[in-house]
Amino acid sequence: MPQLPGTDLTVSDLCLGGNVFGWTADAPTSFAVLDRFLDASAPQPAFVDTAEMYGNGVSEQILGEWMATRGVRDRVVVATKASPGTKEHPLAAGEIRAAAERSLRNLRTDRIDLYYAHYDDATTPLEEALTAFDELVQAGKVRHVAASNYSAERLTEARETAQRLGVGGYAALQTHYNLVERAGFEDGLRDTVQAQGIGTLPYFALAKGFLTGKYRAGEQIDSPRAKGASAYVGERGDRVLAVLGAIAREQGVPVPAVALRWLADQPTVVAPIASGRTVEQLADLLPMRDLVLDDAQRAALDEASAV
């Protein structure tokens, strides 16, 4: 079972993105997706990611209602985030405390397993933010804290600041990384994560749906992600999809499962984050858990996705 380095958090191979709850998936559909994910994750805890800004709290509320209704809080690893929204100083101590209390109420729980700074906040000293996060940990309201969308430089500064203050630092990094978005992470940020001994949890693991294989040149797809996915349509994208498709056929699994397995196998990656707005979409992701890519298949994907 994957474990987040330096923590006591054991998680599922796949982290279910909760951004669709209350957006493209209504509450009953979200409940069905969560039920299926919980069953599929066993005996691993189901790892679910949300944020206070997703639907202005609606995503958290749906997740909280589901956990309470099903009585499954202890079988779920809950990650959420202190988001900027319209806040002037998003990571000021008072804002962090208020955001955590809102999330705890929304989630109907007494603790958050992994609590992120959703975005860096250059207007607030790192000393203030890290101390506020550590106070939540000491109070038992948060188990571990993490960073999202931080640069290598700020991640290093945060680690040095936490060590100087004698407080717990960021235990993980959530960042944009997938088969067609490699340079931003691999060119420096990955080295920083490795040096700190923390885990990576990549979001947009399927490139806004592009790596499902359904977005191709000349095809119109009715989806709120279609515009974002279309950015990857082109020669390189076609090359990646061709290799993904060939490996999927060889392995007898859906295309998205291959893309997720490649990502999960990368250095420092603990679990990729992907969402399914229906049980059927989720079903295409789940085979990544048992999928084993051989060296030739990984090399083919590396080559096809190289810039």
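This one's a predicted model, so the numbers in the text were calculated from it and none came from an experiment.
Between the CD atom in Glu186 and the CG atom in Asp191 there is a gap of 10.0 Å [rounded to 0.5 Å]. How far CG of Leu126 is from CG of Leu91: 8.5 Å, rounded to the nearest 0.5 Å. Taken from CG in Leu16 to CG in Leu282, the straight-line distance is 6.5 Å, to the nearest 0.5 Å. Taken from CD1 in Ile273 to OG in Ser148, the straight-line distance is 8.0 Å, to the nearest 0.5 Å. Distance check: Lys141 NZ to Ser103 OG gives 12.0 Å after rounding to the nearest 0.5 Å. Once rounded to the nearest 0.5 Å, the distance linking OH of Tyr116 with CG of Asn149 reads 10.5 Å.
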Leu104 vs Glu101, side-chain contact (heavy atoms from CB on, under 4.5 Å): CA-CA, chis, key distance, verdict: CA-CA 5 Å; Leu104 288 167; Glu101 293 297 339; 4.2 Å; yes
List the steps, then state whether side-chain contact (heavy atoms from CB on, under 4.5 Å) holds for Thr7 with Leu114. CA-CA 10 Å; Thr7 78; Leu114 189 62; over 6 Å; no
Show your reasoning for whether salt bridge (charged side-chain N to carboxylate O under 4.0 Å, His left out) applies to Asp39 and Arg36. CA-CA 5 Å; Asp39 288 344; Arg36 180 70 184 94; 5.6 Å; no
Derivation of the side-chain contact (heavy atoms from CB on, under 4.5 Å) call for Val193 and Thr175: CA-CA 11 Å; Val193 171; Thr175 192; over 6 Å; no
Pair Asp74-Arg111, salt bridge (charged side-chain N to carboxylate O under 4.0 Å, His left out): steps then yes or no: CA-CA 11 Å; Asp74 291 341; Arg111 82 277 185 195; 2.9 Å; yes
I'd like to know whether Val307 forms a side-chain contact (heavy atoms from CB on, under 4.5 Å) with Arg236, so could you lay out the CA-CA distance, the side-chain angles of the two residues, the decisive distance to 0.1 Å, and finally the verdict. CA-CA 8 Å; Val307 177; Arg236 177 169 172 256; 4.1 Å; yes
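Residues Tyr119 and Leu130 fall into different hydrophobic clusters, defined by Ile, Leu, Val, Met, Phe, Trp and Tyr side chains chained together at heavy-atom separations under 4.5 Å.
The backbone N or O of Tyr150 lies less than 3.5 Å from no partner atom in the side chain of Asp120, so there is not a single donor-acceptor pair. Side chain of Arg277 to backbone of Ala25: no donor-acceptor contact under 3.5 angstrom is found. At least one donor-acceptor pair closer than 3.5 Å links the side chain of Ser12 to the backbone N or O of Phe47. Ser41 contributes no side-chain N or O that, together with a main-chain N or O of Gln44, makes up a donor-acceptor pair within less than 3.5 Å. Between the Ser59 side chain and the Gly55 main chain, no donor and acceptor come within less than 3.5 Å of each other. Panel note: side chain Arg190, backbone Thr268; no donor-acceptor pair is recorded below 3.5 Å. Within the 3.5 Å criterion, the main-chain N or O of Ala92 finds no donor-acceptor partner in the side chain of Glu128. Side chain of Arg70 to main chain of Asp35: no donor-acceptor pair is present (N/O by atom type, distance under 3.5 Å, no hydrogens or angles).
Closest non-hydrogen pair, Pro267 versus Gln194, comes out as CB-NE2, 3.7 Å. What you find for Gly22 and Ser30 is that their closest heavy atoms are N-OG, 4.1 Å. Residues Ala171 and His144 share a closest heavy-atom pair of CB-CB, 4.4 Å. Heavy atoms only, all atoms of each residue included: Ala172 and Ala146 are closest at O-CB, 3.4 Å. What you find for Met67 and Val78 is that their closest heavy atoms are SD-CG2, 3.7 Å. In terms of heavy atoms, His89 sits closest to Glu95 at O-CG, 3.3 Å.
A side-chain donor from one of Tyr232 and Glu181 sits under 3.5 Å from a side-chain acceptor of the other. At a cut-off of 3.5 Å, with distance as the only test, a side-chain donor of Thr29 or Asp26 sits close to an acceptor on the other residue.
More than 12 heavy atoms of other residues, nucleotides or ligands sit less than 6.0 Å from atom CD of Gln163. More than 12 heavy-atom neighbours from other residues, nucleotides or ligands sit within 6.0 angstrom of CD on Gln138.
Under the 4.5 Å side-chain criterion, counting only non-hydrogen atoms from C-beta, Ile198 is in contact with Arg159. Under the 4.5 Å side-chain criterion, counting only non-hydrogen atoms from C-beta, Leu285 is in contact with Leu206. Side chains of Tyr170 and Gln196 form no contact here, defined as non-hydrogen atoms less than 4.5 Å apart. Counting heavy atoms from C-beta on, the side chains of Leu63 and Trp66 come closer than 4.5 Å.
Listed by chain and number, the residues in a ring-ring contact (aromatic ring centres under 6.0 Å, His included) with Phe37 amount to none (sequence neighbours excluded). In terms of the ring-ring contact (aromatic ring centres under 6.0 Å, His included) criterion, residue partners of His176 (sequence neighbours excluded) are, by chain and number, Tyr203, Phe204. Taking Phe185 as the reference, Tyr177 meet the ring-ring contact (aromatic ring centres under 6.0 Å, His included) condition, with sequence neighbours excluded. Residues satisfying the ring-ring contact (aromatic ring centres under 6.0 Å, His included) test with Phe133, not counting sequence neighbours, are Tyr115.
Electrostatic pairing of Asp8 and Arg143 counts as a salt bridge here, judged by a charged N lying under 4.0 Å from a carboxylate O. Residues Glu60 and Arg105 are not paired through a salt bridge, judged by the lack of any N-O separation under 4.0 Å between the basic side chain and the carboxylate. Between Asp113 and Arg73 a salt bridge is recorded (basic side-chain N to carboxylate O distance below 4.0 Å).
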Give the table of side-chain donor-acceptor pairs shorter than 3.5 Å for residues 81-88, with sequence neighbours excluded, one pair per line with atom names and distance.
unit_1, atom_1, unit_2, atom_2, d
Lys81, NZ, Asp49, OD1, 3.2
Lys81, NZ, Asp49, OD2, 2.7
Lys81, NZ, Thr50, O, 2.7
Lys81, NZ, Tyr54, OH, 3.4
Ser83, OG, His118, ND1, 2.7
Lys87, NZ, Glu52, OE2, 2.6
Lys87, NZ, Ser83, O, 2.7

Please tabulate, for side-chain N and O atoms in residues 240-263, each donor-acceptor pair with protein atoms closer than 3.5 Å (sequence neighbours left out).
unit_1, atom_1, unit_2, atom_2, d
Arg249, NH1, Gly245, O, 3.4
Glu250, OE1, Gln297, NE2, 2.9
Gln251, NE2, Val292, O, 2.9
Gln251, NE2, Gln297, OE1, 3.1
Arg261, NE, Asp265, OD1, 3.2
Arg261, NH1, Met288, O, 2.8
Arg261, NH2, Asp265, OD1, 3.2
Trp262, NE1, Asp302, OD1, 2.8

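Screening Thr80, Val11, Leu34 for a side-chain contact (heavy atoms from CB on, under 4.5 Å) involving Val48 leaves a single residue, Leu34.
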